[in-house]
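Here, residue 1 is the first one in the sequence, and each next residue gets the next number.
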Amino acid sequence: AFGAVERMRIDWPGGAIGHAEIVFGDSVVMLASEFPEMDAVSPKTVGGTPVSLLLYTEDVDAMFARAVEAGAREIRAVKNQFYGDRTGTLEDPFGHRWTIATHVEDVSAEELAKRSE
């Protein structure tokens with residue numbers, strides 16, 4: 001749904017992923033399946049996540065819609081923000097939170113101060 005490309009994967013017995021790397025534009029994210037014996041668990045297992053990943057894209061509305069269609073849950077609808085980005089937040093089926101953004105406007109420090117009041 002986010003347009004990532006799988007760069008590599010190490011499959012593990014039982015259908016698990018021992019290690020994988022996915023690429024978003026020029027950024028790489030490394031991930032794996034849950035391995036509780038190694039204290040590697042998903043947010044769903046621990047009841048939530050304190051982390052939100054931010055991903056910039058050319059078309060936040062289209063990417064957000066694809067993610068929801070693929071099973072993500074909307075947390076905050078896509079809308080223009082006072083600081084110049086158009087953003088929306090969702091939770092993927094594993095419990096990870098993603099804020100998807102498109103930069104729509106450069107905002108000066110003075111204008112940012114006014115808008116944030």
Side-chain angles (χ1 to χ4, degrees):
F2 296 153
V5 175
E6 183 178 302
R7 185 163 87 168
M8 64 88 64
R9 172 194 301 232
I10 300 171
D11 290 319
W12 215 252
I17 297 172
H19 178 82
E21 297 177 7
I22 56 176
V23 179
F24 299 96
D26 63 356
S27 300
V28 176
V29 174
M30 297 179 188
L31 52 93
S33 295
E34 281 192 296
F35 289 97
E37 66 277 10
M38 297 175 67
D39 293 324
V41 295
S42 78
K44 293 277 186 185
T45 298
V46 296
T49 181
V51 176
S52 178
L53 302 165
L54 178 84
L55 182 63
Y56 275 98
T57 182
E58 293 294 317
D59 187 346
V60 64
D61 295 278
M63 183 179 282
F64 197 88
R66 283 193 311 270
V68 170
E69 188 175 304
R73 181 177 65 87
E74 180 181 298
I75 299 204
R76 281 194 341 243
V78 175
K79 72 175 194 175
N80 289 347
Q81 304 295 333
F82 70 92
Y83 46 85
D85 288 350
R86 181 167 174 75
T87 69
T89 302
L90 47 82
E91 182 178 277
D92 71 25
F94 302 98
H96 300 284
R97 291 209 172 179
W98 298 80
T99 297
I100 312 300
T102 296
H103 186 71
V104 294
E105 170 187 23
D106 291 331
V107 180
S108 69
E110 296 80 20
E111 182 63 22
L112 187 61
K114 289 178 194 175
R115 291 182 185 184
S116 65
E117 293 178 351

### Query
If you measure only the distance, is there a donor-acceptor pair under 3.5 Å linking the side chains of R97 and S52?
no
If you take all heavy atoms of [X] and [Y], which pair is closest and at what distance?
| X | Y | answer |
| --- | --- | --- |
| A113 | E117 | O-CG, 3.3 Å |
| A72 | L90 | CB-CD1, 3.8 Å |
| T49 | V51 | OG1-N, 3.1 Å |
| A101 | V60 | N-CG2, 3.9 Å |
| F24 | V29 | CE1-CG2, 3.7 Å |
| P43 | H96 | CD-CE1, 3.4 Å |

Can you measure from [atom1] ([X]) to [atom2] ([Y]) and round to the nearest 0.5 angstrom?
| X | Y | atom1 | atom2 | result |
| --- | --- | --- | --- | --- |
| M30 | R7 | CE | CZ | 6.5 Å |
| R9 | L31 | CZ | CG | 9.0 Å |
| T87 | W98 | OG1 | CH2 | 15.5 Å |
| T89 | L54 | OG1 | CG | 8.5 Å |
| R76 | F64 | CZ | CZ | 9.0 Å |
| S33 | H19 | OG | NE2 | 12.0 Å |

The residue among D85, T102, T99 that forms side-chain hydrogen bond (donor to acceptor under 3.5 Å, both in side chains) with Y56 is D85
Any heavy-atom pair between the side chains of E21 and V23 that's under 4.5 Å? no
Counting only heavy atoms not in F94 (residues, nucleotides, ligands), do more than 12 fall under 6.0 Å from its CZ? no
I'd like to know whether CD of E6 has more than 12 heavy-atom contacts from other residues, nucleotides or ligands below 6.0 angstrom. yes
Would a hydrophobic clustering, with Ile, Leu, Val, Met, Phe, Trp and Tyr connected at side-chain separations under 4.5 Å, put [X] with [Y]?
| X | Y | answer |
| --- | --- | --- |
| F2 | V28 | no |
| I10 | M38 | yes |
| I75 | V78 | no |
| L53 | M63 | yes |
| L55 | V68 | yes |

